[in-house]
A.B. asks: 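Here's a structure for you.
Letters A, B, ... mirror the listed sequences (proteins, then strands); counts begin at 1.
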Number of protein chains: 2
Amino acid sequence: MASHGARGRSGGRPTLEEVAARAGVGRGTVSRVINGSPRVSDATRAAVEAAVAELGYVPNTAARALAANRTDAIALVVPEPETRFFAEPYFSDMLKGVGSELADTEMQLLLIFAGSDRERERLAQYLAAHRVDGVLLVSVHADDPLPDLLSQLEIPAVISGPRSAAESLASVDSDNYGGARSAVEHLLARGCRRIAHITGRLDVYGAQRRVDGYREALRDAGVAVDEDLIEAGDFTEDGGRRAMRELLRRAPDVDAVFAASDVTAAGARQVLREAGRRIPEDVALVGYDDSAIARHMEPPLTSVRQPIEEMGRAMIDLLLTEIADRRPAASRGLERHQVVLATELVERTSS
Amino acid sequence: MASHGARGRSGGRPTLEEVAARAGVGRGTVSRVINGSPRVSDATRAAVEAAVAELGYVPNTAARALAANRTDAIALVVPEPETRFFAEPYFSDMLKGVGSELADTEMQLLLIFAGSDRERERLAQYLAAHRVDGVLLVSVHADDPLPDLLSQLEIPAVISGPRSAAESLASVDSDNYGGARSAVEHLLARGCRRIAHITGRLDVYGAQRRVDGYREALRDAGVAVDEDLIEAGDFTEDGGRRAMRELLRRAPDVDAVFAASDVTAAGARQVLREAGRRIPEDVALVGYDDSAIARHMEPPLTSVRQPIEEMGRAMIDLLLTEIADRRPAASRGLERHQVVLATELVERTSS
DNA sequence: ATCACTTGTGGGAGCGCTCCCACACTACCT
DNA sequence: AGGTAGTGTGGGAGCGCTCCCACAAGTGAT
């Protein structure tokens, strides 16, 4: 009967079956050509490709996903309330990298927000249902249960910013240690000796590494590390203000400040101004992130740039490899799945 | 044989069929409960819901998509090279709104980049294959073929920033006209009379509306519009610098500048400084967007804030309605599918 | 008691793919 | 000649749903 044909015909897009009929081959053969199997003769392949082109055939994703038990989709999980991630330039730059790398693929990108408890609940269900082939995780806290859930479910995942030196998930990070070192070495070269550091949130591994870089750069230069010159911040502007006030109280002779983020530096700058300290004459200032704020600050802020777009690309690379291997890196022992990318110090007039 | 059962059992998640068996009902009934059909008795519904909870059942999206010919996914199409869209705060704020509104839904969000020609080609295929139920379109140019493609394919779509007053697609926009008016009225109230305007890209409808608001605010205040005080920009910082130089040359007596974006204002500010004009004493400055740059500028920039997060939410609302109605608004005549949201002037010390 | 609805329910028939087994053919060995 | 591998191909079975037809049971009018 033509009954089922009538349905398929009316406004519908061509199916595998129709391509097969047109090319005079079987369904299996068309499937093989579509999926790039080598077990097809050149002549047959050409015939099928011609039929595909003539009919404008596009595979039905849902049917494929159902039959093959894969989704051809990856999720970028965004911890929404984390304003830091949404801050310029992190989010958009990473998305640029992710997008450009994904452009060469059949993979599609899902954006999943995991802010509220309800959203996290939904995400867990989502992952349990294996509705994506892999997950990109950004700016995760040390105590976030998500990464462990992921490795437990054996879902390929890549994390940006490992939770610790012993991160079990594949990860991509910028060289926080080296970035901090370059900032401090720059200030030392400028002649500063009383260099303070306003840290980031210390439950973020990268923030710890920046402290390490700060300490060791001083040590290696033969400058004693003064604990009074280290004040905990939280990446925010407010935290920067608070920390700077504390630093001025404890160490009035401070002659440079290395802040763990640009907005933190902006907060510090305001307090320094109010205290009558000139930048950079009295106190040199260096930030981290090289955001729009750094460029537009008065004076323009020297800052450490992270190759965020490149990090996005690297994350996709890693993830696609894991998906191809069809199992998470965690179970593969200690292969090379920790990527660390170099930072760059962008010198401006604040130092 | 147990052969197919073994496959389904091992590590697999429960299927509709298993839920049905557990609840002692048929497949159809479970499907009805899952999809909220009213044609189910309360007792049966309760039994099915219990079985669902016990088994931790989650419907298979692919199977549902295949059978029902819908995807439960919407796409946010991002014209990537358009740096304006990626600029703070537009992108992240809109995403926040979209995400929060989507949290109440089963819909998932796909991010599609339509920058290069190849990406656009892929997008067209994607849409032709009806792989999403609806599309969110942001910052589209007057001559972009995408919106027309969408209405031709009869895919529900909502555009942020209509292409013209006669936009046929459903749209959400902020009140560009009113926002510009409020900025100019503010400057007039401050006593300024030689108020210049650096426009945005004039192929963007919103930029035109801002010019309209500028003109009419002056006119209504009895101040003649001097064409020499209007200079075309393009939303960028560089454009702001260029335009400001031109304005200073043509109209050295300018006492206020209303810029179509904050970064444009930043560019203008730099040129004003270099020309020795003090802000706000000699020249008052007002921007548009209320971005991070506005808050951190020296002096902090008065700016027009758009309710971007709310716009994101409104877009989702509109889109979901269209999807529910299963046909694009274009074919429904001139119903109320143009949403315009109010702006707010954030006064700071630059004016 | 008969007919006509209505309400709730079960289950067959697909949706468009992929997977895999079966089968022709063609080599190339013994 | 009879085996033993390959190579390329067709098509059945099934993935887990939704849709819809069939049908049982209840309700009220005739």
A.B. asks: Got a sec: does the CD of E54(B) have more than 12 other heavy atoms crowding it under 6.0 Å?
C.D. replies: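 For E54(B), atom CD is crowded (more than 12 foreign heavy atoms under 6.0 Å).
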
A.B. asks: Check whether any side-chain N or O of N35(B) sits under 3.5 Å from a backbone N or O of S31(B) as a donor-acceptor pair, and report yes or no.
C.D. replies: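 Yes, the answer is positive, given that a donor and an acceptor are paired below the 3.5 Å cut-off.
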
A.B. asks: Distance check: side-chain N/O of N60(A) vs OP1/OP2 of dC15(C), anything under 4.0 Å?
C.D. replies: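 Indeed not, no polar side-chain atom of N60(A) lies that close.
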
A.B. asks: I need the Q108(B) CD to D133(B) CG distance, nearest 0.5 Å.
C.D. replies: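 Spacing of CD (Q108(B)) from CG (D133(B)) equals 9.5 Å.
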
A.B. asks: Looking only at N and O atoms, is any donor in the side chain of R32(A) or the base of dG10(D) less than 3.5 Å from an acceptor on the other one?
C.D. replies: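 It does, because a donor-acceptor pair links the side chain of R32(A) to the base of dG10(D) below 3.5 Å.
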
A.B. asks: CG of D42(A) versus P of dT7(D): gap in Å, rounded?
C.D. replies: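 Going from D42(A) (CG) to dT7(D) (P), I get 14 Å.
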
A.B. asks: Has the side chain of R39(B) got a donor or acceptor atom sitting under 3.5 Å from an opposite partner on the base of dT9(C)?
C.D. replies: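 Check fails, no donor-acceptor contact within cut-off.
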
A.B. asks: Whole-Å distance between dC17(C) P and R131(B) CZ?
C.D. replies: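 Answer to the nearest Å: 11 Å.
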
A.B. asks: Select one nucleotide: of dT9(C), dC19(C), dC17(C), the one nearest the side-chain heavy atoms of S41(B).
C.D. replies: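 Of all the options, the side chain of S41(B) is nearest to dT9(C).
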
A.B. asks: Send over the distance from L16(B) CG to dG16(D) P, rounded to a whole Å.
C.D. replies: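 The distance from CG of L16(B) to P of dG16(D) comes to 10 Å, rounded to the nearest Å.
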
A.B. asks: Checking all strands, does T44(A) fall into the base, sugar-phosphate, or nothing category for heavy-atom contacts under 4.0 angstrom?
C.D. replies: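 Touches sugar-phosphate only.
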
A.B. asks: Separation of I34(A) atom CD1 from dC17(C) atom P, in whole Å?
C.D. replies: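 I34(A) atom CD1 is separated from dC17(C) atom P by 8 Å.
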
A.B. asks: Quick check: any donor-acceptor pair below 3.5 Å linking the side-chain of R27(B) to the base of dG12(C)?
C.D. replies: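 By the distance-only test, yes, there is a pair.
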
A.B. asks: So does D143(A) have more than 12 non-hydrogen atoms from other groups sitting under 6.0 Å from CG?
C.D. replies: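 More than 12 within 6.0 Å, yes.
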
A.B. asks: So, does N69(A) get its side chain near the phosphate of dT18(C), meaning an N or O under 4.0 Å from OP1 or OP2?
C.D. replies: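 No, N69(A) has no side-chain N/O under 4.0 Å of OP1/OP2 on dT18(C).
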
A.B. asks: In whole angstrom, give the distance that lies between atom CG of N35(A) and atom P of dC17(C).
C.D. replies: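 So the two atoms are 11 Å apart, to the nearest Å.
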
A.B. asks: Give a yes/no on whether any side-chain N or O of S31(B) is located under 4.0 angstrom from OP1 or OP2 of dT18(D).
C.D. replies: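 Answer is yes, contact under 4.0 Å.
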
